[in-house]
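Have a look at the structure below, then the notes.
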Protein chains: 2
Amino acid sequence: MTLTDYPPFSLLGARSQALLRQCSLQRHEVSPAPLLGKGQNISGAYVVLSGCLRVYTLTPAGHEATQYFIRPGETCVFALNSLFNDVRYPAWVAVEEAAEIAFIPGPVFRSLFALEPVMQDLTVRTLSVLVFRLMAMLEEMHACTLGQRLANLLLLHAGADGRVSMTQQVMANHLGSSREVVARLIGALVACGAVSSHRGYVCVRQAALLAARSGM
Amino acid sequence: MTLTDYPPFSLLGARSQALLRQCSLQRHEVSPAPLLGKGQNISGAYVVLSGCLRVYTLTPAGHEATQYFIRPGETCVFALNSLFNDVRYPAWVAVEEAAEIAFIPGPVFRSLFALEPVMQDLTVRTLSVLVFRLMAMLEEMHACTLGQRLANLLLLHAGADGRVSMTQQVMANHLGSSREVVARLIGALVACGAVSSHRGYVCVRQAALLAARSGM
DNA sequence: GCAAATCTGTAGCATTGGTTACAGAAGCGG
DNA sequence: CCGCTTCTGTAACCAATGCTACAGATTTGC
(Lines give C-alpha, C1' and ligand atoms only; values in the text may rest on other atoms or scores of the structure.)
Protein backbone atom coordinates (compact mmCIF):
# COMPACT_ATOMS: atom_id res chain seq x y z
CA MET A 1 0.00 0.00 0.00
CA THR A 2 1.10 3.55 -0.63
CA LEU A 3 -0.53 6.89 -0.06
CA THR A 4 -1.82 6.79 -3.62
CA ASP A 5 -4.28 4.07 -2.65
CA TYR A 6 -6.24 6.43 -0.43
CA PRO A 7 -8.63 9.17 -1.50
CA PRO A 8 -8.24 12.01 -2.10
CA PHE A 9 -4.68 11.16 -3.10
CA SER A 10 -5.81 8.47 -5.48
CA LEU A 11 -7.47 11.18 -7.55
CA LEU A 12 -4.29 13.10 -8.23
CA GLY A 13 -2.44 13.17 -11.55
CA ALA A 14 0.44 10.92 -12.48
CA ARG A 15 3.08 13.48 -11.62
CA SER A 16 1.70 13.99 -8.13
CA GLN A 17 1.37 10.29 -7.58
CA ALA A 18 5.02 9.89 -8.36
CA LEU A 19 5.76 12.42 -5.62
CA LEU A 20 3.51 10.64 -3.20
CA ARG A 21 5.26 7.34 -3.63
CA GLN A 22 8.25 8.90 -1.89
CA CYS A 23 6.23 9.26 1.29
CA SER A 24 6.71 6.79 4.06
CA LEU A 25 3.74 4.98 5.48
CA GLN A 26 3.75 3.52 8.96
CA ARG A 27 1.45 1.59 11.21
CA HIS A 28 1.38 2.58 14.88
CA GLU A 29 -0.20 0.69 17.74
CA VAL A 30 -1.92 2.32 20.70
CA SER A 31 0.67 3.54 23.14
CA PRO A 32 0.93 6.09 25.89
CA ALA A 33 4.37 7.10 24.60
CA PRO A 34 4.12 10.23 22.51
CA LEU A 35 4.62 10.03 18.77
CA LEU A 36 5.63 13.69 18.63
CA GLY A 37 6.75 15.76 21.55
CA LYS A 38 6.24 19.41 22.29
CA GLY A 39 9.03 21.52 20.87
CA GLN A 40 10.02 18.88 18.40
CA ASN A 41 10.93 20.07 14.97
CA ILE A 42 8.52 19.19 12.21
CA SER A 43 9.24 19.40 8.57
CA GLY A 44 6.24 17.97 6.87
CA ALA A 45 2.64 16.89 7.14
CA TYR A 46 1.36 13.80 8.88
CA VAL A 47 -1.75 12.34 7.28
CA VAL A 48 -3.89 9.94 9.27
CA LEU A 49 -5.25 7.21 6.99
CA SER A 50 -6.93 5.10 9.64
CA GLY A 51 -7.21 5.09 13.41
CA CYS A 52 -7.00 8.17 15.59
CA LEU A 53 -4.34 10.41 17.01
CA ARG A 54 -4.73 12.55 20.10
CA VAL A 55 -3.15 15.98 20.50
CA TYR A 56 -2.69 17.12 24.09
CA THR A 57 -0.76 19.39 26.39
CA LEU A 58 0.85 18.74 29.73
CA THR A 59 0.38 21.14 32.63
CA PRO A 60 3.19 21.91 35.05
CA ALA A 61 1.30 19.78 37.58
CA GLY A 62 1.64 16.85 35.19
CA HIS A 63 -1.97 16.71 34.03
CA GLU A 64 -2.74 15.94 30.45
CA ALA A 65 -5.44 17.82 28.60
CA THR A 66 -6.67 16.75 25.19
CA GLN A 67 -6.85 19.54 22.66
CA TYR A 68 -8.25 17.66 19.69
CA PHE A 69 -8.25 14.42 17.76
CA ILE A 70 -6.97 13.73 14.29
CA ARG A 71 -9.14 11.26 12.44
CA PRO A 72 -8.81 9.53 9.06
CA GLY A 73 -8.44 11.95 6.18
CA GLU A 74 -7.18 14.69 8.45
CA THR A 75 -3.73 16.08 8.70
CA CYS A 76 -1.34 17.73 11.07
CA VAL A 77 -0.64 20.52 8.64
CA PHE A 78 2.23 22.54 9.88
CA ALA A 79 4.32 21.87 6.86
CA LEU A 80 3.81 25.16 5.10
CA ASN A 81 4.28 27.09 8.25
CA SER A 82 7.45 25.29 9.16
CA LEU A 83 9.06 26.10 5.85
CA PHE A 84 8.89 29.80 6.65
CA ASN A 85 9.43 30.01 10.33
CA ASP A 86 11.20 27.16 11.99
CA VAL A 87 8.09 26.07 13.77
CA ARG A 88 8.18 23.63 16.61
CA TYR A 89 5.23 21.52 17.45
CA PRO A 90 3.17 23.16 20.18
CA ALA A 91 1.85 20.02 21.89
CA TRP A 92 2.23 16.29 22.29
CA VAL A 93 0.70 13.69 19.98
CA ALA A 94 -0.06 10.10 20.89
CA VAL A 95 -1.83 7.21 19.21
CA GLU A 96 -5.38 6.90 20.52
CA GLU A 97 -6.49 4.06 18.22
CA ALA A 98 -4.10 1.95 16.16
CA ALA A 99 -3.36 4.10 13.14
CA GLU A 100 -1.81 4.16 9.72
CA ILE A 101 0.06 7.36 9.18
CA ALA A 102 1.77 8.77 6.12
CA PHE A 103 4.46 11.37 6.31
CA ILE A 104 4.72 13.90 3.49
CA PRO A 105 8.03 15.78 3.66
CA GLY A 106 7.76 19.57 3.54
CA PRO A 107 9.12 20.04 0.02
CA VAL A 108 6.83 17.35 -1.38
CA PHE A 109 3.85 18.84 0.36
CA ARG A 110 4.72 22.23 -1.02
CA SER A 111 4.93 20.93 -4.57
CA LEU A 112 1.64 19.13 -4.22
CA PHE A 113 0.00 22.19 -2.78
CA ALA A 114 1.18 24.29 -5.71
CA LEU A 115 0.15 21.70 -8.30
CA GLU A 116 -3.13 20.34 -7.06
CA PRO A 117 -6.28 22.29 -6.21
CA VAL A 118 -7.44 19.18 -4.36
CA MET A 119 -4.54 19.56 -1.96
CA GLN A 120 -5.20 23.26 -1.46
CA ASP A 121 -8.73 22.42 -0.66
CA LEU A 122 -7.83 19.64 1.73
CA THR A 123 -5.35 21.83 3.54
CA VAL A 124 -7.62 24.80 3.97
CA ARG A 125 -10.52 22.61 4.95
CA THR A 126 -8.49 20.74 7.56
CA LEU A 127 -7.24 23.97 9.06
CA SER A 128 -10.68 25.59 9.11
CA VAL A 129 -12.23 22.61 10.80
CA LEU A 130 -9.47 22.65 13.37
CA VAL A 131 -10.02 26.34 14.05
CA PHE A 132 -13.71 25.69 14.62
CA ARG A 133 -13.01 22.82 16.98
CA LEU A 134 -10.48 24.77 18.99
CA MET A 135 -12.83 27.72 19.25
CA ALA A 136 -15.57 25.39 20.43
CA MET A 137 -13.28 23.91 23.07
CA LEU A 138 -12.23 27.32 24.33
CA GLU A 139 -15.85 28.31 24.55
CA GLU A 140 -16.72 25.12 26.38
CA MET A 141 -13.96 25.73 28.89
CA HIS A 142 -15.35 29.14 29.70
CA ALA A 143 -19.01 28.23 29.62
CA CYS A 144 -19.21 24.79 31.22
CA THR A 145 -18.43 23.24 34.55
CA LEU A 146 -16.21 20.18 34.65
CA GLY A 147 -19.31 18.05 35.15
CA GLN A 148 -20.82 19.33 31.95
CA ARG A 149 -17.61 18.81 30.06
CA LEU A 150 -17.47 15.25 31.33
CA ALA A 151 -21.05 14.69 30.21
CA ASN A 152 -20.16 16.05 26.76
CA LEU A 153 -17.16 13.75 26.59
CA LEU A 154 -19.26 10.72 27.45
CA LEU A 155 -22.02 11.62 25.02
CA LEU A 156 -19.45 12.14 22.27
CA HIS A 157 -17.67 8.85 22.84
CA ALA A 158 -20.63 6.61 23.54
CA GLY A 159 -21.12 3.79 21.07
CA ALA A 160 -24.53 2.79 19.75
CA ASP A 161 -24.97 0.64 22.87
CA GLY A 162 -24.15 3.61 25.09
CA ARG A 163 -20.86 2.14 26.14
CA VAL A 164 -17.83 4.39 26.68
CA SER A 165 -14.65 2.34 26.99
CA MET A 166 -12.34 4.55 29.02
CA THR A 167 -10.93 4.34 32.49
CA GLN A 168 -11.57 7.28 34.75
CA GLN A 169 -7.90 8.19 34.49
CA VAL A 170 -8.22 8.53 30.73
CA MET A 171 -11.33 10.69 31.07
CA ALA A 172 -9.43 12.89 33.51
CA ASN A 173 -6.61 13.20 30.98
CA HIS A 174 -9.03 14.33 28.31
CA LEU A 175 -10.50 16.95 30.60
CA GLY A 176 -7.26 18.12 32.15
CA SER A 177 -8.43 17.10 35.61
CA SER A 178 -7.65 14.37 38.09
CA ARG A 179 -9.00 10.87 38.53
CA GLU A 180 -10.56 11.54 41.92
CA VAL A 181 -12.59 14.44 40.62
CA VAL A 182 -13.87 12.36 37.72
CA ALA A 183 -14.81 9.59 40.15
CA ARG A 184 -16.77 12.10 42.21
CA LEU A 185 -18.62 13.42 39.17
CA ILE A 186 -19.37 9.92 37.85
CA GLY A 187 -20.67 9.07 41.29
CA ALA A 188 -23.12 11.94 40.96
CA LEU A 189 -24.18 10.77 37.50
CA VAL A 190 -24.71 7.24 38.79
CA ALA A 191 -26.78 8.62 41.65
CA CYS A 192 -29.17 10.30 39.25
CA GLY A 193 -29.35 7.31 36.93
CA ALA A 194 -27.56 8.88 33.98
CA VAL A 195 -24.79 6.29 33.73
CA SER A 196 -23.65 3.03 35.26
CA SER A 197 -20.02 2.61 36.17
CA HIS A 198 -17.83 -0.45 35.59
CA ARG A 199 -14.19 -1.31 35.52
CA GLY A 200 -12.80 0.16 32.32
CA TYR A 201 -16.03 1.55 30.94
CA VAL A 202 -19.29 3.29 31.74
CA CYS A 203 -22.69 2.82 30.16
CA VAL A 204 -24.53 5.98 29.22
CA ARG A 205 -28.28 6.43 29.31
CA GLN A 206 -28.34 9.22 26.82
CA ALA A 207 -31.64 10.89 27.67
CA ALA A 208 -30.93 10.88 31.39
CA LEU A 209 -27.42 12.18 30.85
CA LEU A 210 -28.66 15.03 28.70
CA ALA A 211 -31.07 15.96 31.44
CA ALA A 212 -28.45 15.66 34.15
CA ARG A 213 -26.00 17.82 32.22
CA SER A 214 -28.32 20.81 32.43
CA GLY A 215 -28.44 20.71 36.19
CA MET A 216 -24.73 20.47 36.94
CA MET B 1 -8.56 53.92 -1.31
CA THR B 2 -9.32 50.40 -2.39
CA LEU B 3 -8.02 47.03 -1.26
CA THR B 4 -5.50 47.17 -4.11
CA ASP B 5 -3.58 49.87 -2.26
CA TYR B 6 -2.59 47.46 0.50
CA PRO B 7 0.03 44.72 0.37
CA PRO B 8 -0.11 41.88 -0.35
CA PHE B 9 -3.04 42.76 -2.59
CA SER B 10 -1.09 45.49 -4.36
CA LEU B 11 1.21 42.77 -5.69
CA LEU B 12 -1.50 40.88 -7.52
CA GLY B 13 -1.96 40.84 -11.27
CA ALA B 14 -4.29 43.13 -13.21
CA ARG B 15 -7.05 40.58 -13.43
CA SER B 16 -7.07 40.03 -9.68
CA GLN B 17 -6.98 43.71 -9.00
CA ALA B 18 -10.08 44.15 -11.09
CA LEU B 19 -11.79 41.60 -8.86
CA LEU B 20 -10.60 43.35 -5.74
CA ARG B 21 -12.06 46.66 -6.78
CA GLN B 22 -15.48 45.10 -6.26
CA CYS B 23 -14.77 44.72 -2.58
CA SER B 24 -16.26 47.17 -0.16
CA LEU B 25 -14.03 48.94 2.30
CA GLN B 26 -15.36 50.36 5.53
CA ARG B 27 -14.05 52.26 8.49
CA HIS B 28 -15.36 51.23 11.91
CA GLU B 29 -14.95 53.09 15.19
CA VAL B 30 -14.47 51.42 18.55
CA SER B 31 -17.77 50.19 19.84
CA PRO B 32 -19.03 47.62 22.28
CA ALA B 33 -21.73 46.64 19.81
CA PRO B 34 -20.74 43.53 17.92
CA LEU B 35 -19.82 43.75 14.27
CA LEU B 36 -20.67 40.11 13.70
CA GLY B 37 -22.80 37.99 15.98
CA LYS B 38 -22.59 34.32 16.80
CA GLY B 39 -24.65 32.24 14.45
CA GLN B 40 -24.67 34.91 11.81
CA ASN B 41 -24.23 33.73 8.27
CA ILE B 42 -20.98 34.66 6.62
CA SER B 43 -20.28 34.47 2.96
CA GLY B 44 -16.86 35.93 2.53
CA ALA B 45 -13.64 37.01 4.14
CA TYR B 46 -13.10 40.07 6.26
CA VAL B 47 -9.62 41.54 5.95
CA VAL B 48 -8.38 43.92 8.61
CA LEU B 49 -6.26 46.68 7.02
CA SER B 50 -5.68 48.74 10.14
CA GLY B 51 -6.82 48.71 13.75
CA CYS B 52 -7.81 45.63 15.66
CA LEU B 53 -10.83 43.35 15.97
CA ARG B 54 -11.62 41.20 18.95
CA VAL B 55 -13.23 37.77 18.69
CA TYR B 56 -14.98 36.61 21.84
CA THR B 57 -17.64 34.31 23.24
CA LEU B 58 -20.38 34.92 25.75
CA THR B 59 -21.03 32.49 28.56
CA PRO B 60 -24.56 31.71 29.72
CA ALA B 61 -23.75 33.80 32.81
CA GLY B 62 -23.14 36.75 30.52
CA HIS B 63 -19.37 36.89 30.82
CA GLU B 64 -17.32 37.72 27.80
CA ALA B 65 -14.10 35.85 27.06
CA THR B 66 -11.71 36.95 24.36
CA GLN B 67 -10.59 34.17 22.04
CA TYR B 68 -8.19 36.07 19.83
CA PHE B 69 -7.48 39.35 18.08
CA ILE B 70 -7.38 40.06 14.37
CA ARG B 71 -4.66 42.55 13.50
CA PRO B 72 -3.71 44.31 10.26
CA GLY B 73 -2.99 41.92 7.41
CA GLU B 74 -5.01 39.17 9.02
CA THR B 75 -8.30 37.77 7.95
CA CYS B 76 -11.40 36.11 9.23
CA VAL B 77 -11.12 33.32 6.72
CA PHE B 78 -14.23 31.31 6.79
CA ALA B 79 -15.01 32.04 3.20
CA LEU B 80 -13.89 28.77 1.72
CA ASN B 81 -15.51 26.80 4.43
CA SER B 82 -18.78 28.62 4.10
CA LEU B 83 -19.01 27.86 0.42
CA PHE B 84 -19.14 24.17 1.17
CA ASN B 85 -21.05 23.91 4.36
CA ASP B 86 -23.33 26.72 5.28
CA VAL B 87 -21.11 27.78 8.14
CA ARG B 88 -22.26 30.17 10.77
CA TYR B 89 -19.85 32.30 12.68
CA PRO B 90 -18.96 30.61 15.95
CA ALA B 91 -18.36 33.72 18.06
CA TRP B 92 -18.87 37.47 18.35
CA VAL B 93 -16.61 40.07 16.80
CA ALA B 94 -16.24 43.66 17.97
CA VAL B 95 -13.98 46.57 17.11
CA GLU B 96 -11.17 46.86 19.65
CA GLU B 97 -9.31 49.70 17.95
CA ALA B 98 -10.75 51.87 15.15
CA ALA B 99 -10.31 49.74 12.07
CA GLU B 100 -10.49 49.71 8.32
CA ILE B 101 -12.00 46.51 7.08
CA ALA B 102 -12.44 45.14 3.60
CA PHE B 103 -15.02 42.54 2.73
CA ILE B 104 -14.20 40.04 0.00
CA PRO B 105 -17.33 38.16 -1.10
CA GLY B 106 -17.03 34.37 -1.15
CA PRO B 107 -16.99 33.94 -4.92
CA VAL B 108 -14.35 36.64 -5.36
CA PHE B 109 -12.21 35.12 -2.64
CA ARG B 110 -12.50 31.74 -4.27
CA SER B 111 -11.40 33.07 -7.65
CA LEU B 112 -8.46 34.87 -6.09
CA PHE B 113 -7.50 31.78 -4.16
CA ALA B 114 -7.51 29.71 -7.35
CA LEU B 115 -5.58 32.32 -9.35
CA GLU B 116 -2.99 33.66 -6.96
CA PRO B 117 -0.40 31.70 -5.03
CA VAL B 118 -0.01 34.76 -2.84
CA MET B 119 -3.60 34.38 -1.69
CA GLN B 120 -3.17 30.67 -1.03
CA ASP B 121 -0.19 31.47 1.04
CA LEU B 122 -1.91 34.25 2.94
CA THR B 123 -4.89 32.05 3.68
CA VAL B 124 -2.94 29.07 4.89
CA ARG B 125 -0.61 31.24 6.91
CA THR B 126 -3.46 33.10 8.59
CA LEU B 127 -5.18 29.86 9.48
CA SER B 128 -2.00 28.23 10.79
CA VAL B 129 -1.19 31.19 12.97
CA LEU B 130 -4.70 31.13 14.33
CA VAL B 131 -4.43 27.45 15.14
CA PHE B 132 -1.23 28.08 17.04
CA ARG B 133 -2.75 30.93 19.00
CA LEU B 134 -5.84 28.97 19.91
CA MET B 135 -3.76 26.01 21.01
CA ALA B 136 -1.66 28.32 23.13
CA MET B 137 -4.76 29.79 24.76
CA LEU B 138 -6.20 26.37 25.49
CA GLU B 139 -2.93 25.37 27.04
CA GLU B 140 -2.82 28.54 29.10
CA MET B 141 -6.31 27.89 30.38
CA HIS B 142 -5.30 24.47 31.61
CA ALA B 143 -1.89 25.37 32.92
CA CYS B 144 -2.32 28.79 34.52
CA THR B 145 -4.30 30.30 37.34
CA LEU B 146 -6.38 33.37 36.67
CA GLY B 147 -3.69 35.49 38.30
CA GLN B 148 -1.09 34.20 35.88
CA ARG B 149 -3.36 34.77 32.94
CA LEU B 150 -3.96 38.33 34.11
CA ALA B 151 -0.22 38.86 34.40
CA ASN B 152 0.22 37.55 30.86
CA LEU B 153 -2.49 39.89 29.62
CA LEU B 154 -0.84 42.88 31.24
CA LEU B 155 2.63 41.99 29.99
CA LEU B 156 1.25 41.52 26.49
CA HIS B 157 -0.62 44.82 26.40
CA ALA B 158 1.90 47.02 28.18
CA GLY B 159 3.28 49.89 26.11
CA ALA B 160 6.93 50.88 26.18
CA ASP B 161 6.19 52.97 29.27
CA GLY B 162 4.59 49.97 30.98
CA ARG B 163 1.15 51.46 30.76
CA VAL B 164 -1.86 49.22 30.10
CA SER B 165 -4.93 51.28 29.25
CA MET B 166 -7.83 49.09 30.23
CA THR B 167 -10.43 49.25 32.93
CA GLN B 168 -10.66 46.28 35.24
CA GLN B 169 -13.98 45.40 33.63
CA VAL B 170 -12.32 45.11 30.24
CA MET B 171 -9.57 42.91 31.67
CA ALA B 172 -12.24 40.72 33.21
CA ASN B 173 -13.92 40.44 29.80
CA HIS B 174 -10.68 39.34 28.20
CA LEU B 175 -10.17 36.68 30.83
CA GLY B 176 -13.76 35.50 31.05
CA SER B 177 -13.97 36.46 34.71
CA SER B 178 -15.59 39.19 36.77
CA ARG B 179 -14.48 42.67 37.74
CA GLU B 180 -14.28 41.95 41.46
CA VAL B 181 -11.91 39.05 40.97
CA VAL B 182 -9.65 41.15 38.78
CA ALA B 183 -9.67 43.87 41.43
CA ARG B 184 -8.63 41.32 44.02
CA LEU B 185 -5.78 40.04 41.86
CA ILE B 186 -4.59 43.54 40.97
CA GLY B 187 -4.65 44.32 44.66
CA ALA B 188 -2.26 41.43 45.22
CA LEU B 189 0.01 42.64 42.41
CA VAL B 190 0.04 46.16 43.86
CA ALA B 191 0.88 44.72 47.28
CA CYS B 192 3.99 43.04 45.90
CA GLY B 193 5.01 46.05 43.86
CA ALA B 194 4.47 44.54 40.43
CA VAL B 195 2.01 47.16 39.20
CA SER B 196 0.40 50.42 40.27
CA SER B 197 -3.32 50.85 39.76
CA HIS B 198 -5.09 53.96 38.47
CA ARG B 199 -8.44 54.87 37.09
CA GLY B 200 -8.59 53.45 33.56
CA TYR B 201 -5.09 52.03 33.46
CA VAL B 202 -2.37 50.24 35.37
CA CYS B 203 1.39 50.70 35.18
CA VAL B 204 3.43 47.54 34.92
CA ARG B 205 6.87 47.06 36.40
CA GLN B 206 7.84 44.29 34.07
CA ALA B 207 10.57 42.58 36.05
CA ALA B 208 8.54 42.56 39.24
CA LEU B 209 5.47 41.30 37.41
CA LEU B 210 7.39 38.46 35.83
CA ALA B 211 8.63 37.48 39.27
CA ALA B 212 5.18 37.78 40.83
CA ARG B 213 3.63 35.65 38.09
CA SER B 214 5.68 32.64 39.09
CA GLY B 215 4.38 32.70 42.64
CA MET B 216 0.66 32.97 41.95
C1' DG C 1 -4.83 -19.84 43.81
C1' DC C 2 -1.96 -16.02 45.05
C1' DA C 3 0.54 -11.83 44.49
C1' DA C 4 0.95 -7.75 41.96
C1' DA C 5 -0.98 -4.34 39.29
C1' DT C 6 -4.76 -1.66 37.98
C1' DC C 7 -9.02 0.45 38.66
C1' DT C 8 -12.85 2.41 41.46
C1' DG C 9 -15.11 4.67 45.60
C1' DT C 10 -14.96 7.89 49.31
C1' DA C 11 -13.84 11.33 52.82
C1' DG C 12 -11.71 15.60 54.37
C1' DC C 13 -9.32 19.61 53.70
C1' DA C 14 -7.17 23.59 50.92
C1' DT C 15 -7.37 26.73 47.20
C1' DT C 16 -9.35 29.18 43.54
C1' DG C 17 -12.66 31.73 41.73
C1' DG C 18 -17.53 33.64 41.59
C1' DT C 19 -21.22 36.39 43.92
C1' DT C 20 -23.18 39.83 46.71
C1' DA C 21 -23.03 44.00 48.78
C1' DC C 22 -21.20 48.28 49.75
C1' DA C 23 -18.14 52.48 50.19
C1' DG C 24 -15.23 55.65 48.34
C1' DA C 25 -12.61 58.02 44.46
C1' DA C 26 -12.28 60.15 40.00
C1' DG C 27 -14.05 62.28 36.10
C1' DC C 28 -17.90 64.78 33.56
C1' DG C 29 -21.61 67.95 32.48
C1' DG C 30 -24.12 71.59 33.60
C1' DC D 1 -19.66 73.52 42.73
C1' DC D 2 -22.88 69.70 42.53
C1' DG D 3 -24.95 65.70 41.13
C1' DC D 4 -24.44 61.82 38.07
C1' DT D 5 -21.86 58.27 36.21
C1' DT D 6 -18.06 55.34 35.99
C1' DC D 7 -14.41 53.08 38.07
C1' DT D 8 -11.89 51.01 42.02
C1' DG D 9 -11.29 48.72 46.68
C1' DT D 10 -12.87 45.46 50.10
C1' DA D 11 -15.05 41.98 52.82
C1' DA D 12 -17.73 37.95 53.61
C1' DC D 13 -19.52 33.90 51.92
C1' DC D 14 -20.20 29.99 48.77
C1' DA D 15 -19.47 26.64 45.09
C1' DA D 16 -16.29 24.20 42.21
C1' DT D 17 -12.21 21.98 41.85
C1' DG D 18 -7.78 20.04 43.36
C1' DC D 19 -5.04 17.28 46.58
C1' DT D 20 -4.10 13.68 50.04
C1' DA D 21 -5.00 9.49 51.87
C1' DC D 22 -6.96 5.33 52.01
C1' DA D 23 -9.91 0.98 51.31
C1' DG D 24 -11.84 -2.26 48.46
C1' DA D 25 -12.73 -4.46 43.90
C1' DT D 26 -11.22 -6.50 39.58
C1' DT D 27 -7.97 -8.31 36.54
C1' DT D 28 -3.60 -10.38 35.18
C1' DG D 29 0.36 -13.16 35.40
C1' DC D 30 2.63 -16.76 37.26
Side-chain angles (χ1 to χ4, degrees), chain A residues 30 32 58-65 140-154 163-192 194-203 212-216, chain B residues 30 32 58-65 140-154 163-192 194-203 212-216:
Chain A
V30 175
L58 289 177
T59 66
H63 283 164
E64 296 186 3
E140 190 188 45
M141 284 215 54
H142 279 115
C144 300
T145 65
L146 194 55
Q148 291 171 324
R149 296 204 293 128
L150 174 62
N152 290 341
L153 181 72
L154 294 180
R163 196 171 163 131
V164 183
S165 295
M166 269 190 250
T167 66
Q168 296 181 352
Q169 181 62 62
V170 169
M171 296 177 204
N173 290 347
H174 284 313
L175 299 172
S177 179
S178 61
R179 214 262 318 155
E180 295 83 341
V181 175
V182 169
R184 186 196 292 158
L185 293 169
I186 296 226
L189 290 176
V190 169
C192 68
V195 306
S196 60
S197 176
H198 312 271
R199 187 188 175 92
Y201 67 97
V202 297
C203 290
R213 184 179 56 171
S214 317
M216 302 191 76
Chain B
V30 174
L58 289 177
T59 65
H63 283 166
E64 295 186 3
E140 189 187 45
M141 284 215 55
H142 278 114
C144 301
T145 65
L146 194 54
Q148 292 171 324
R149 295 203 294 128
L150 174 62
N152 291 341
L153 181 72
L154 295 180
R163 196 172 164 130
V164 183
S165 296
M166 269 189 249
T167 66
Q168 297 183 352
Q169 180 62 63
V170 170
M171 297 177 203
N173 290 347
H174 283 314
L175 299 172
S177 179
S178 61
R179 212 261 320 153
E180 295 82 346
V181 175
V182 169
R184 186 196 293 158
L185 293 169
I186 295 226
L189 290 176
V190 169
C192 67
V195 305
S196 60
S197 178
H198 311 272
R199 186 187 176 91
Y201 68 96
V202 298
C203 289
R213 184 179 55 172
S214 318
M216 303 190 75

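Computation of the quantities below employed the complete heavy-atom set of this structure, encompassing side-chain atoms and omitting hydrogens, waters and symmetry-equivalent molecules. Every chain is numbered from 1, with letters handed out A, B, ... down the list of sequences.
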Is the shortest side-chain heavy-atom distance between [X] and [Y] below 4.5 Å?
| X | Y | result |
| --- | --- | --- |
| A:H174 | A:R149 | no |
| B:L189 | B:L154 | yes |
| B:V182 | B:L185 | no |
| A:H63 | B:H142 | no |

Verify whether one side chain among A:Q148 and A:N152 offers a donor that lies under 3.5 Å from an acceptor in the other. no
Tell me: [atom1] of [X] to [atom2] of [N], nearest whole Å?
| X | N | atom1 | atom2 | answer |
| --- | --- | --- | --- | --- |
| B:H142 | C:dT16 | NE2 | P | 18 Å |
| B:M166 | D:dC7 | CE | P | 14 Å |
| B:Q148 | C:dT15 | CD | P | 16 Å |
| B:R149 | C:dG18 | CZ | C1' | 14 Å |
| B:Q169 | D:dG9 | CD | C1' | 15 Å |
| B:R179 | D:dA11 | CZ | P | 14 Å |
| A:N173 | C:dC7 | CG | P | 11 Å |

Among D:dC19, C:dT19, D:dT8, the one nearest any side-chain atom of B:E180 is C:dT19
Please give me the minimum heavy-atom distance between A:A194 and A:A212, naming the atom from each residue. CB-CB, 4.2 Å
With a cut-off of less than 4.0 Å, is there a side-chain N or O of B:Q168 near OP1 or OP2 of D:dG9? yes
Does OP1 or OP2 of D:dG9 have a side-chain N or O of B:S197 closer than 4.0 Å? yes
In Å and rounded to the nearest 0.5 Å, what is the CE to OG distance from B:M171 to B:S178? 13.5 Å
Within this structure, what is the OG1-CZ distance for the pair A:T145 and A:R213, rounded to the nearest 0.5 Å? 10.5 Å
Using a 4.0 Å heavy-atom cut-off to protein, can you give one letter per nucleotide of nucleotides 13-18 of chain D, 5' to 3': B if the base is in contact, S if only the sugar-phosphate is, - if neither? ----BB
For each nucleotide in nucleotides 24-30 of chain D, reading 5' to 3', give B when a protein heavy atom comes within less than 4.0 Å of its base, S when such contact involves only the sugar-phosphate, and - otherwise. -BBS---
Holding to side-chain contact (heavy atoms from CB on, under 4.5 Å), I want the full list of residues that pass it with A:V190, two or more places apart in sequence or in another chain. A:I186, A:V195, A:S197
